Every structure is written in C-alpha cells, then in structure tokens.
J.: 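I have a structure I would like to understand better, so I am pasting it below and will then ask my questions one at a time.
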Amino acid sequence: MPTLSLEPPVTHVLASGPDRLRSSAKAEDLERHSCVMFLRYEWIEDSLKEGKLMPPDPYRLIVHNTSIEKSLTSSTTTTATVAVGCLQMLIAPIAGPQKLNHKGKEESGALGEVVSSMIGKEGKQKKGRGGESDSEEERTKEEDCRGDILTRYLGTTAPAAADALEPCSTSLNTHITRILWELHDLYEGVLDDGNRALIYRKVASEIDKLSYKVTSASQLDKMEGIGQSTRVKIKEILRTGKLEMLEVLLANPKVSVLQLFMSVWGIGPKTATEMYNRGYRTLEDLKRESSLERMPRLGLKYYADILQRIPRVEAVELEKVVVGVAKELYPGVLAQATGSFRRGKASCGDIDFVISHPDGNSHRGLLAKLVARLTDIQFISDGLQDRSRGPQAPGHYEVDTYMGLCKLQGARHYRRIDIKVYPIRAHPFGLLHFTGNDIFNRRIRELAKKKGYKLNDHGLFPTVGEGQNIRSGTESIPCATEREILEKLGMPYLEPHERNW
DNA sequence: AGGCAATACTG
DNA sequence: CAGTAT
DNA sequence: GCCT
C-alpha cells in the first residue's frame, strides 16, 4: 500500500468515509498530522458546484472522535491541496493528466485541476445501483475478532464501509466489474431476474474489493460465489476486454428503451414492456399515456429530481427538519433518518425516517399529524401513495408508512422521503430493517430462519409447529435494541456503517 | 430440483 | 392477484 | 446463477 504523505503542502485529505481512513492509515499518523483536514469527498464536489471553497465542518470525517475534530476549525485556506494516493481512499484518479506524484501529493494545489479530473471519472449513476440498493461497496482487509464470528455465522465478513464511491472510481478491477455491474443492472431490470442479478452484484462487489488487479481467472478460484458460468464470462473479458453477450444486449434498442422507462419511479419490467409494446419510445411519449397510475405519474413529474442523489450535507438538513417537527409535536419522540444515511453513505438515493414513541401510545395517529405539519410548512409536496385506504397490514401491526416527496426551502431538488412510525416494541426491528442494507437484511433473516425464527421489520418470531403445519408464532421475542436482536441471532453488534454489504 | 428476505400499497 | 416498492 |  502506498504511504500517504501528510506533509505540507497537503492541507486536505478526502475520503469516502471514516472507515476508509481508519483502514488506510495508521491512527497515530492521523493524530500526528492533525493540521490536515479530513473531509468527505463531497466537500470538493460541492466546492466546485458553488464555485468557492465550502466550510469544512459539515464534511468532516470523525476518525477518532478526538484530535481530528478539533483541528483547524476555522482556517479555511484559499487553495486546497488534496493528498492523493493512500490506496483507493481518495477521489482524484491517480492516472491522467494531472500532476500527482507517487507519494500522493498534488503538486500544483489547483482546486479546479483536481476536481475537473475527478468529474470526468465520476460520471455514471443509474437506478438499480447507487440507489437504496447501495451496491457500491469496497472493502479493505480488516481482521478483527468479529470477522471470525461473522464468517462462522454468515459465511462472510462484514466489509468496511465504502460509502458512496462508485466502484468504478476506486476499484483496480473495473475492466471486469464494469461489465458484471452492467449485467447486474440488466438482470435487475429489463431481464427481470432478481436472483441472478444478486449473483452478479455479489461477484462484482467482491472483485471490486480486491486489492490487486485480476489478470487471470484462476486468481478467483478461492472466491466463493463464482461458478462455472461466471468464470467463463470473466475469462472472456480478460481475453477480449468485452463480453459478447452484453454487447448484443446493449445493441438492442429495445433494451435501452426499457431501461429508460424503468428508470421512472413506479415503472417496473412489466409496465415498461407494456409501454414499449404500445409503441412508446421516450419519456415524452409516456407522459401522454393516460393509463399510467399514480406512482409512475409522480415518477414522471419528478423524474429528474428523483434521479439526483442527495448529498450528505443536505440529508443532514432534511433530518433536522423532520426530527425537529416531530419533537415539537411529540416531545420525547424517537425519530431519526435511517437507510443509507445512517450507514454513513456520502450521498443517498432517498431519505428514510423511523419514528416511535417510548410512551407506547403516541405512535397512533402520529404520522398523520406529522405529515400534515410537514405539508403546512411546505416541506412535503406530494404523497406517492393514496393513504385513504388506511393501513393494509394483515396483522394490523400498527406500522404506519408515508412515501412522498419533500424539499428544503430554497433547495434545488425535490427529494424522495419515506417515513414509518412504529409502536415502541417494534421500534428496534424497524430501525434494523430500514437501516439495511438489503443484502445485510437478507443475510440476517436467512440466519434467523436457520435458527428457527422469522425476522421482519416488527419482530423476531419463533417458528412453532412441525412438519406440515410449520408456521411462526405471533408473539415476537422482545428486544429493546438492535444489539439485542443481533445477540439473539448469535451475532456481534454491527454499527450501521458496518452494514454496507 | 428448488430456494434465493419478507413485507406493504395499488388497482 | 400481479406489479412495484422498501 | 449459485448452493445444497
């Protein structure tokens, strides 16, 4: 691993998240060099967007809870020198025209130069990736004691959080994984085979995590989850640089139209195909289709906004609004943003809230009041569901859900927002569920099942009965915290940022 | 060959 | 119920 | 498409 030089003239170190810093550099080094600011890479993105250097505070990475935070609070320099290198932790690409030496110092100190080279590389964002199904992960080796336990129970170790860096921006193996990710997107979408998509997602993210460049398929032999079929594809990629099958698919104009249609919130494979068969080819065409229902209508109306990711700094503000209003209406309320925000991602596809009240009663009717108030202050604009039917849950679990759109005063974009209100007994389960990510959820539910439980977002239910009439009980095992839930499953606690699987 | 998490809302 | 969503 |  290249060593990171933190000597002057380096003033800022950008990373995708705290773990990346922790795993890439010795803690002592970080402390010793506390004259350097450690920031999320959004800082430089936003700085470019705003045309000036942004204040560092909202972007700070808490590394040790100690020295980093108190360092250099105010002295915003007029130019920023970004240290580059340090494995894959930094945004600026190593290769390319910019002058970056091997030690990881940026020589000229020109903000624009570094940033512009970054922009070229960042590029692509698609539905199905980078959305809530955050499939951009990156791992560095981190052998702590929990690794063994996790391996034993789940057959894998938790990755260090990678936050929202696209795999393309950091991986040494994009020559392979770019194609695998495309296959994932296709199966997830047009080809309508989620299970197969899952395989590609898993393989691609595993390969993206490797710290060496793969030059031969045999290097992947020990990697589980790769079978005959994938191996053959990777061989072809290594041999020819491409995959015939993918080329053929992508050359098919129908495929791109379907993908376009499915990028609209509320349109899935079936509807996309239906619209294609009716002769539609563009989003403008779709707007003319009267049969489209509530969800896709709103999806079209807010198409461009919904596609935009939410920078973490903005998500922080969104959280303040919702939590603030909730507390004002219901003192003592438990309210927080979950989802990829809670997992520490640098940007989020949407923002999810989980709310409950410790008094065991106030959750009833809370959501309606909260939504009314948020609408009053013109924070919430449209609801994506028709709430008039009331909760439809079979066991009437008293879970209340809102899905809609919101906007900060003066902000550029409307944002997707989900709010769920739980009775207090189910709160930790709701939290666990909506913090995700989806892969993590699947694994712990699979584990729960193996251990004779059913885990969902409102409880942990022992499986009762045998043989034919095997079913789950109706009484959840009580758990007051997420930690307890994981303990009951025999798992060590994982911080939210450790759940980016 | 069958499972792959488990559930809510819409029309 | 099928479709889309989380 | 992988695992059991």
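What's counted below: heavy atoms across the whole structure, side chains too, no hydrogens, waters or symmetry copies. Naming convention: chains lettered A, B, ... in sequence-line order (proteins, then strands); numbering from 1 in each chain. Values in this document were obtained by computation on a predicted structure and should not be read as measured data.
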J.: For A/Arg231, report the nucleic acid contact type (base, sugar-phosphate, nothing); a contact means any heavy atom under 4.0 Å.
T.: nothing
J.: Pick base, sugar-phosphate or nothing for A/Asp193, based on heavy-atom distances below 4.0 Å to the nucleic acid.
T.: nothing
J.: Taking only side-chain N and O atoms of A/Lys202, does any of them lie within less than 4.0 angstrom of OP1 or OP2 on D/dG1?
T.: no
J.: Is the phosphate of B/dG3, meaning OP1 or OP2, less than 4.0 Å from a side-chain N or O of A/Lys449?
T.: no
J.: Classify A/Asn456 by what it touches in the nucleic acid, base, sugar-phosphate, or nothing, heavy-atom distance under 4.0 Å.
T.: sugar-phosphate
J.: Decide yes or no on side chain to side chain contact (heavy atoms under 4.5 Å, CB included) for A/Tyr422 and A/Ile355, but give the supporting numbers first.
T.: CA-CA 6 Å; A/Tyr422 284 85; A/Ile355 297 181; over 6 Å; no
J.: Heavy atoms only, 4.0 Å cut-off, all strands: where does A/Leu384 land among base, sugar-phosphate and nothing?
T.: nothing
J.: Mind checking if A/Pro296 touches a base, just sugar-phosphate, or nothing, with heavy atoms under 4.0 Å?
T.: nothing
J.: Under 4.0 Å from OP1 or OP2 of C/dT6: is there any side-chain N or O of A/Thr401 that close?
T.: no
J.: Can you find a side chain N or O atom of A/Lys420 that sits less than 4.0 Å from OP1 or OP2 on B/dA8?
T.: no
J.: Can you find a pair of side-chain heavy atoms, one from A/Leu298 and one from A/Trp265, that are under 4.5 Å apart?
T.: no
J.: In whole angstrom, what separates A/Arg443's CZ from B/dA6's P?
T.: 14 Å
J.: Can you tell me how the ring of A/Tyr330 sits relative to the ring of A/His357, calling it parallel under 30°, perpendicular over 60° and tilted otherwise?
T.: perpendicular
J.: Starting at CH2 of A/Trp501 and ending at P of B/dA5, how long is that distance when rounded to a whole Å?
T.: 14 Å
J.: Starting the side chain at C-beta, find the nucleotide from C/dT4, C/dT6, D/dC2 nearest to A/Thr271.
T.: C/dT4
J.: At under 4.0 Å, does any side-chain N or O of A/Ser229 touch on OP1 or OP2 of D/dG1?
T.: yes
J.: Which heavy-atom pair separates A/Leu286 from A/Arg297 by the least distance, and what is that distance?
T.: O-NH2, 4.4 Å
J.: Taking the side chain as every heavy atom from C-beta outward, state whether A/Pro428 and A/Glu484 have any atom pair closer than 4.5 Å.
T.: no
J.: For B/dT7, does OP1 or OP2 lie under 4.0 Å from any side-chain N or O of A/Arg445?
T.: no
J.: Under 4.0 Å from OP1 or OP2 of C/dG3: is there any side-chain N or O of A/Trp265 that close?
T.: no
J.: Using the C1' atoms only, state how far B/dT7 lies from D/dC2, rounded to an integer number of Å.
T.: 25 Å
